[in-house]
Amino acid sequence: MRENPERAESTAPNAAMWAALVVAFMGWMFDGMEMGLYSWAVPPALKELLHTQDNAFIQPYIGYTVALFLVGMSTGGIVFGRLGDTLGRVKTMIITVMVYALFTGLSGLCQNFPQLAVCRFIGAMGLGGEWGLGVALVMESWPNTTRPLLAGLLGGAANVGFLIAALLTKWLSNHSQVAGMANWRIALMMGFLPALLTLFVRLFVKESEKFTQAKEAGQKSRFADLFTPELQRNSLIGIAVSAVAVLGMWGVYQAWLQGWVEQMVGKAHEGEAVATVKAAVGHARAVVGQYMAIGSIIGAFFGGLLAQSMGRRASYALFCGGALISSLALYMGCHEYGTRLLVLATIGGVFSASFFGWLPLYLPELFPTRIRATGEGLTFNCGRVISAVGVLFTGHIAKAFGGPAKACAIMALINLVGLAVIAFAPETKDCELPE
């Protein structure tokens with residue numbers, strides 16, 4: 001990677017740059033909204049589709065569902081990332097948005113678990129592909145000096161989506177039926193909304209100039225290039241730092257936090273009318289999701305900025321330490337739903353999401369333009385595959401211990417691995433994107 005040359009870099013954004021940023025932000029926002037709605041909807045969906053009200057029985061299925069999602073995102077990230085380096089960022093992005101919008105929406109019409117699993121997997125493929133393409137498009141379109149801020153904005157976008165999902169589910173929790181359908185079905189059918197984004201992409205977003213220039217220069221890439229001596233170390237480091245971040249989010253928070261809160265609130269209202277318990281549980285799950293999302297927006301936004309001010313390695317180490325301490329404090333220090341839990345969930349959101357403002361800045365710096373989307377797709381999404389295994393493991397630990405608290409505290413130790421890995425990562429502060 002080359003150091004910044006001593007020349008004035010134009011920072012005046014043009015219409016194409018703004019369009020790329022808007023579409024990437026909206027894509028990530030819809031991604032976050034979809035993930036937030038799914039996290040809220042999956043437990044009641046599984047209870048209906050599996051014909052049970054036993055929380056312990058559905059916990060492994062929650063793990064299966066999250067694992068399918070993570071593996072689907074991984075598959076889509078690699079497949080569509082490769083397509084983005086051949087067909088182009090913009091054309092491929094249209095395909096990915098349509099895939100995740102269609103199959104996420106269809107999840108709300110499922111009649112059994114296999115149907116839900118298939119829709120979850122294919123919809124997740126679209127989500128996984130959109131992530132890397134949006135990052136590559138923005139980072140290649142805007143000046144180098146703006147990238148830390150943009151990384152934070154993109155990382156925060158997904159968490160804006162989580163906040164929107166929390167507000168929607170807060171409303172849905174007060175309505176067990178909407179238009180004659182179960183509230184969880186309505187939540188999942190909102191996944192059709194991102195399809196509108198494809199119209200904006202088609203009309204306003206232009207292909208990255210860096211990508212176009214690379215193609216005109218005859219630069220070609222092969223998937224195997226990621227494991228040549230030039231890029232192998234970067235690829236392996238990218239996979240490792242992504243795996244820690246994704247597993248720290250999904251294995252500790254996103255897959256289990258709301259289910260843990262549901263158990264607490266359910267016990268607190270034991271013996272009361274079923275409708276009262278369901279309303280209390282649904283409201284508590286939505287509120288904790290809202291607080292987590294607020295913390296995540298803050299963390300993701302400052303993730304990129306801290307990476308620039310502190311350096312890539314020092315900031316990542318800070319995030320690992322903060323995520324570990326806040327996670328242990330939450331799961332080992334809270335025994336009832338209340339203010340303390342919500343405050344710690346917010347702090348946990350700050351640290352666990354800070355990685356997602358850091359990764360959009362760091363991963364593009366590891367790969368040249370000709371193979372950037374493929375490299376991002378591989379590294380971030382192999383991390384998801386590893387984390388999928390971890391989430392399944394968490395589910396079985398949760399069943400063995402009678403709940404997710406101890407399992408999530410154990411899984412939070414993944415941040416110790418992050419502290420070890422980052423010591424071997426290349427420091428890319430003040431370096432331009434490789435051509």
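Bear in mind that the values here come from a model prediction, so they are computed numbers and not experimental data.
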(request) Report the relative orientation of the aromatic rings in Tyr253 and Tyr331; use parallel for angles under 30°, tilted for 30 to 60°, perpendicular for over 60°. (result)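 Taking Tyr331 first and then Tyr253, their aromatic rings sit tilted (interplane angle of 30° to 60°).
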
(message) Can you tell me how the ring of Phe380 sits relative to the ring of Phe356, calling it parallel under 30°, perpendicular over 60° and tilted otherwise?
(response)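 Because their plane-to-plane angle is over 60°, the rings of Phe380 and Phe356 count as perpendicular.
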
Flag if over 12 foreign heavy atoms under 6.0 Å of [atom1], [X]:
X: Lys278; atom1: NZ; value: no
X: Gln177; atom1: CD; value: yes
X: Phe424; atom1: CZ; value: no

Could you list the donor-acceptor pairs under 3.5 angstrom formed between side-chain atoms of residues 108-123 and any protein atom two or more places apart in sequence or on another chain?
{"residue": "Gln111", "atom": "NE2", "partner": "Leu109", "partner atom": "O", "Å": "3.1"}
{"residue": "Asn112", "atom": "OD1", "partner": "Gln115", "partner atom": "N", "Å": "2.9"}
{"residue": "Gln115", "atom": "OE1", "partner": "Gln111", "partner atom": "N", "Å": "2.7"}
{"residue": "Arg120", "atom": "NH1", "partner": "Glu34", "partner atom": "OE2", "Å": "2.9"}

Over all heavy atoms of both residues, which pair between [X] and [Y] is shortest? Give the atoms and the distance, please.
X: Leu226; Y: Gly375; result: CD2-CA, 3.8 Å
X: Gly266; Y: Val281; result: N-CG2, 4.0 Å
X: Leu172; Y: Ala187; result: CD1-CB, 3.7 Å
X: Thr369; Y: Asp85; result: O-OD1, 4.0 Å
X: Ala345; Y: Leu257; result: CB-CD2, 4.3 Å
X: Ala307; Y: Ser315; result: CA-OG, 3.3 Å

Got a donor-acceptor contact below 3.5 angstrom from the [X] side chain to the [Y] backbone?
X: Arg340; Y: Gly333; value: yes
X: Arg147; Y: Met139; value: no
X: Thr228; Y: Ala224; value: no
X: Trp142; Y: Met17; value: yes

Test item: [X] and [Y] side chains (from C-beta on) under 4.5 Å apart, heavy atoms:
X: Met181; Y: Met189; answer: yes
X: Pro426; Y: Leu366; answer: yes
X: Val265; Y: Arg285; answer: no
X: Val205; Y: Met93; answer: no
X: Phe69; Y: Leu127; answer: yes
X: Val252; Y: Ser352; answer: no
X: Phe355; Y: Met249; answer: no
X: Ile371; Y: Leu231; answer: yes

(request) Go through Asp225 and Phe367 one step at a time and tell me if the side-chain contact (heavy atoms from CB on, under 4.5 Å) criterion holds. (result) CA-CA 10 Å; Asp225 291 347; Phe367 306 102; over 6 Å; no

(request) Write out all pairs satisfying ring pair (Phe, Tyr, Trp, His ring centres under 6.0 Å) with one or both partners inside residues 28-53, taking only residues at least two apart or from two chains. (result)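 For residues 28-53, and leaving out neighbouring residues, the ring pair (Phe, Tyr, Trp, His ring centres under 6.0 Å) pairs sorted by first residue read Trp28-Trp131.
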
Name every donor-acceptor pair, under 3.5 Å, that has one atom in a side chain of residues 148-164 and the other anywhere in the protein, sequence neighbours excluded.
{"residue": "Asn159", "atom": "ND2", "partner": "Gly155", "partner atom": "O", "Å": "3.0"}
{"residue": "Asn159", "atom": "ND2", "partner": "Ser296", "partner atom": "O", "Å": "3.3"}

(message) Does this structure show an ion pair linking Arg89 with Glu376, if we count only N-O contacts that are shorter than 4.0 Å?
(response)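 No.
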
How far does [atom1] of [X] sit from [atom2] of [Y], to the nearest 0.5 angstrom?
X: Ser74; Y: Leu378; atom1: OG; atom2: CG; answer: 10.0 Å
X: Met264; Y: His269; atom1: CE; atom2: NE2; answer: 13.0 Å
X: Glu336; Y: Lys267; atom1: CD; atom2: NZ; answer: 12.5 Å
X: Ile186; Y: Leu188; atom1: CD1; atom2: CG; answer: 9.5 Å
X: Leu37; Y: Met33; atom1: CG; atom2: CE; answer: 5.5 Å
X: His283; Y: Lys170; atom1: NE2; atom2: NZ; answer: 4.5 Å

(message) The test is side-chain contact (heavy atoms from CB on, under 4.5 Å); show your working for Leu247 and Met411 and say whether it passes.
(response) CA-CA 8 Å; Leu247 184 52; Met411 196 54 60; 3.8 Å; yes

(request) Apply the side-chain contact (heavy atoms from CB on, under 4.5 Å) test between Leu306 and each candidate in Phe319, Trp358, Phe301, Tyr316; give the one that qualifies. (result)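 It is Phe319, the one option of Phe319, Trp358, Phe301, Tyr316 that forms the side-chain contact (heavy atoms from CB on, under 4.5 Å) with Leu306.
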
(message) Test of understanding: with side chain to side chain contact (heavy atoms under 4.5 Å, CB included), list the residues that count as partners of Leu83, not counting sequence neighbours.
(response)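 Residues passing side chain to side chain contact (heavy atoms under 4.5 Å, CB included) with Leu83: Phe80, Thr86, Leu87, Thr92, Ile95.
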
(request) Not counting sequence neighbours, which residues clear side chain to side chain contact (heavy atoms under 4.5 Å, CB included) with Phe57? List them please. (result)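 Only Leu50, Thr52, Asp54, Tyr61 meet the side chain to side chain contact (heavy atoms under 4.5 Å, CB included) criterion with Phe57.
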
(request) Using the test side chain to side chain donor-acceptor pair (under 3.5 Å), find all partners of Trp260 that sit at least two apart in sequence or belong to another chain. (result)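 Checked Trp260 against side chain to side chain donor-acceptor pair (under 3.5 Å); zero matches.
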
(request) Go through the steps to decide whether Thr96 and Leu133 satisfy the test side-chain contact (heavy atoms from CB on, under 4.5 Å), and finish with yes or no. (result) CA-CA 9 Å; Thr96 62; Leu133 293 166; 3.9 Å; yes

(message) One pair to check against side-chain contact (heavy atoms from CB on, under 4.5 Å): Leu167 and Gln290. What are the steps and the verdict?
(response) CA-CA 7 Å; Leu167 296 175; Gln290 181 179 337; 3.9 Å; yes

